[in-house]
A.B. asks: 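Pasting in a structure now, in structure tokens, and then I'll have a few things to ask.
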Amino acid sequence: MGGVSVLEDWLFKFPENIYINIKEPIDGAIDYMLRNWEPFFDVITKVLRSMLSGIGTFVELIPWWLLISLVFIATYAMSRKILRAILYSVLLFFIGAIGLWDLMNQTLTVVISSVIISLVFGLPIGILISSSKRANAVVRPILDTMQTMPSFVYLIPAVMLLGLGNVPAVIATTIYAIPPVIRLTSHGIQQVDVEVVEAAKSFGATKAQALFKVQIPQAMPTIMTGVNQTIMMAISMVVTCSMIGATGLGTEVLIGINRLESGTGFAAGIAIVIVAIIMDRLTQGIIREESAPNE
Amino acid sequence: MNEVKNNNIILRVENLTKLFGTKKTLAREMLKKGHDKEEILKHTGVTVAVNNVSFEVERGKVFVLIGLSGSGKSTVVRCINMLQPPTSGKIYFEGQDVESFSKSELLDYRRNKVSMVFQSFGLMSHRNVLNNVAFGLEIRGVKKSEREERAMEMISMVGLKGWEYSDISSLSGGMRQRVGIARALANNPDILLMDEPFSALDPLVRQDMQFELLSIQEKLNKTVIFITHDINEAFKLGDTVAIMRDGKIIQIDTPEGMSSNPADDYVRNFINSADKAQIYCVRSIMQTPTCLVRTRDGANHALKQMKINGVSSAFVVAEKMQFVGILTLENALKVRAGELAYQNAFIRDLPTTTPETHIADLIPIAAEASFPIAVVDENNQLSGIVTKASVLASLI
Ligand SMILES: Nc1ncnc2c1ncn2[C@@H]1O[C@H](COP(=O)(O)OP(=O)(O)O)[C@@H](O)[C@H]1O
Ligand SMILES: [Mg+2]
């Protein structure tokens with residue numbers, strides 16, 4: 001009888017004696033990095049910190065009225081709709097009016113830094129995997145993992161390796177936001193009409209000439225869609241990043257949660273939404289201009 | 001004597017074979033044993049795109065490759081400019097083995113010696129007409145002012161003057177292919193490779209383009225290798241025509257030689273299909289009448305229509321587009337002056353034709369006609385008109 005129940009256990013429950021410990025090796029690896037790669041992480045931290053302070057200074061340097069005017073002009077230039085331009089300017093003004101202008105600037109600093117890093121690495125990687133099968137085979141699974149791995153998971157090692165603050169926030173945001181620009185750059189380049197690329201070749205274009213004079217310009221609308229998605233994803237990380245010490249609007253949301261102050265939370269939430277809408281529409285406008293050149 | 005003749009050969013293709021697939025060795029053995037394309041594909045998965053093709057192209061002549069879709073025409077020209085490396089066989093340009101070119105020699109060959117025109121144009125939508133035409137020169141590193149000047153010249157040569165700064169998307173198919181041709185000519189190549197350049201165009205536009213190509217060829221004396229699946233086009237353009245089937249060339253001859261002496265039934269059928277082709281029917285060249293009035297409209301309306309359309313006669317139809325006749329400007333004015341009744345002002349006994357009539361049968365009528373000829377169907381409904389000019393143009 002006993003034999004049957006063992007068999008039953010074995011059939012219906014995962015056998016307890018099969019256990020592979022991967023937690024400790026991962027901890028070990030992080031420990032190892034912490035101990036031996038310190039100079040490396042120091043360099044990263046230093047570079048990112050100076051980048052953040054540079055961009056931060058730049059953002060702060062733009063007076064509120066100038067930023068609002070710029071948004072007005074850019075919106076009008078792209079959409080030719082005066083009402084829309086007024087709406088976005090008023091929305092931006094509203095962020096200042098509810099006392100969140102400085103926090104918005106801090107958030108923008110982290111978002112812009114992450115987007116710049118994402119583009120600096122993402123565009124070349126996208127171009128690379130569009131033409132190399134082997135690079136594609138290596139990068140694709142990494143991208144899949146990055147996109148499906150819950151971001152909380154890599155917040156832990158980011159904090160351990162880089163400390164609290166905006167630096168690990170930029171890294172975490174970049175990891176989260178870089179996949180779309182890579183994917184869409186590569187996709188855009190691959191979907192360029194083969195006959196057009198062939199025409200370039202037949203006129204004696206080198207690989208580089210075909211890439212920069214034909215493939216990338218033809219892929220531009222798709223690439224810009226990737227850039228737009230990257231920006232949106234970077235903004236969506238704002239609250240998560242505040243948990244590892246990123247300053248800005250996300251912090252307000254956290255405070256709202258901790259103190260059970262709905263108003264504080266919502267105010268910051270609305271500000272994030274406004275920033276997201278404006279950034280989205282402005283980049284969408286660029287995409288439209290790319291895909292429909294002047295008559 | 002022999003030497004002089006050889007000097008005139010700009011391109012020689014010798015035993016060119018191109019296989020697509022992985023088991024090429026096995027496929028080649030089967031080819032040697034005389035198995036056909038289908039068997040080889042079934043056994044090895046290898047496509048025999050081009051099978052032991054040889055031909056010579058004379059300088060300044062139009063060499064046409066014709067065959068059904070999939071017969072290997074594109075692959076032959078793509079081997080000529082090395083977009084596809086041959087599996088075996090040789091291609092000599094001016095006596096030089098094209099396959100032996102180094103990387104930079106190959107680029108040079110493509111930049112200066114051979115240019116290609118594509119079936120679906122292969123134009124770059126992010127560049128305007130001018131920058132598309134200047135593309136080849138830009139690739140070569142020609143100065144901006146110089147290449148734009150040259151591009152302008154080519155653009156006006158293909159009849160697109162005034163469209164230099166237009167977007168490709170704003171052009172019709174025929175105009176796009178003119179850009180394609182201008183782009184190819186801008187490089188001043190020795191050989192123009194044209195892979196079904198007119199197949200995507202309407203019959204009327206196609207005739208225009210064929211005429212254009214012939215006049216350009218006359219002016220510039222380029223060597224042209226032209227691909228088509230239309231025997232009429234082949235005979236109209238080609239000094240020499242090579243007919244391909246399943247990757248092999250079955251006959252190379254002048255159009256006359258091929259018509260009078262077809263190598264086999266396949267070629268004979270191909271040539272016979274010419275007479276049945278749509279292109280020979282009135283339908284392919286008829287146009288919609290620009291100025292149409294009804295019997296119940298008055299003379300004033302007719303005059304206004306003629307004025308708007310800038311013509312001196314109007315086609316008159318009764319109910320349900322029943323063709324009645326033609327109202328001339330002169331008669332319409334008489335009606336307005338009260339010298340003639342509207343109903344009596346139409347010229348009624350005019351020659352008409354049907355959409356299915358062969359153009360050849362229309363020539364005597366067209367030669368006599370003083371107005372465009374009305375095309376009517378079996379119910380006497382007006383379906384279009386044919387102008388004298390379009391009848392004559394179709395004969396070129
Ligand atoms: N890149 C390729 N890979 C595999 N098969 C090809 C390729 N290009 C052409 N083929 C095959 O070679 C044959 C000849 O094609 P092609 O030269 O394009 O014919 P055509 O231009 O006369 O229509 C066809 O059966 C086609 O499927
Ligand atoms: Mg083809």
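Proteins come first, then strands; the chains are lettered A, B, ... in the order of their sequence lines, and each starts at number 1.
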A.B. asks: Find the one option among B/Arg183, B/Met124, B/Gln119 whose heavy-atom pairs under 4.5 Å with chain A are most numerous.
C.D. replies: B/Arg183
A.B. asks: Side-chain donor-acceptor contacts of residues 78-93 of chain A below 3.5 Å, not counting sequence neighbours, with atom names and distances?
C.D. replies:
| from | atom 1 | to | atom 2 | distance (Å) |
| --- | --- | --- | --- | --- |
| A/Ser79 | OG | A/Thr75 | O | 2.8 |
| A/Ser79 | OG | A/Lys81 | N | 3.2 |
| A/Ser89 | OG | A/Ala85 | O | 2.7 |

A.B. asks: Using non-hydrogen atoms only, which part of A/Ala200 is less than 4.5 Å away from chain B: side chain, backbone, both, or neither?
C.D. replies: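 Both parts, backbone and side chain.
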A.B. asks: Report, in residue-number order, which members of residues 133-152 of chain B are under 4.5 Å from chain A by heavy-atom distance.
C.D. replies: B/Phe135, B/Gly136, B/Glu138, B/Ile139
A.B. asks: Using only atom types and a distance under 3.5 Å, with no angle test, would you say the side chain of B/His126 pairs donor to acceptor with the backbone of A/Lys213?
C.D. replies: yes
A.B. asks: Which atoms of B/Arg127 are under 4.5 Å from chain A, going by heavy atoms: the side chain, the backbone, both sets, or neither?
C.D. replies: side chain
A.B. asks: Using modelled atom types only, decide if a donor and an acceptor are shared between the side chain of A/Glu195 and the backbone of B/Phe118 within a distance under 3.5 Å.
C.D. replies: no
A.B. asks: Counting only heavy atoms not in B/Lys24, do more than 12 sit closer than 6.0 Å to its NZ atom?
C.D. replies: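 More than 12 heavy atoms, drawn from other residues, nucleotides or ligands, come within 6.0 Å of this atom.
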A.B. asks: Could you look at B/Val114 and say if it's the side chain, the backbone, both or neither that has a heavy atom under 4.5 Å from chain A?
C.D. replies: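 The answer is the backbone of B/Val114.
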A.B. asks: Would you check if B/Met116 and A/Glu198 make a side-chain contact, meaning some heavy-atom pair closer than 4.5 Å?
C.D. replies: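 Side chain of B/Met116 against side chain of A/Glu198, heavy atoms only: no contact under 4.5 Å found.
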A.B. asks: B/Leu123 versus chain A, heavy atoms under 4.5 Å apart: side chain, backbone, both or neither?
C.D. replies: backbone
A.B. asks: Which pair of heavy atoms, one from B/Asn81 and one from A/Ser202, lies closest together, and at what distance?
C.D. replies: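 Scanning both residues, the minimum pair turns out to be ND2-CB, 3.7 Å.
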A.B. asks: Who wins among A/Val214, A/Asp193, A/Val194, A/Val196 for the most heavy-atom pairs under 4.5 Å with chain B?
C.D. replies: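 Top count of heavy-atom pairs under 4.5 Å with chain B: A/Val196.
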A.B. asks: Of the backbone (N, CA, C, O) and the side chain (C-beta and beyond), which part of B/Phe121 lies under 4.5 Å from a heavy atom of chain A, both, or neither?
C.D. replies: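 Backbone only.
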A.B. asks: Work out which heavy atom in B/Gly122 is nearest to a heavy atom in A/Ala199; give both atom names and the distance.
C.D. replies: O-CB, 3.6 Å
A.B. asks: Enter the distance from B/Met82:CE to A/Lys201:NZ here, rounded to the nearest 0.5 Å.
C.D. replies: 13.0 Å
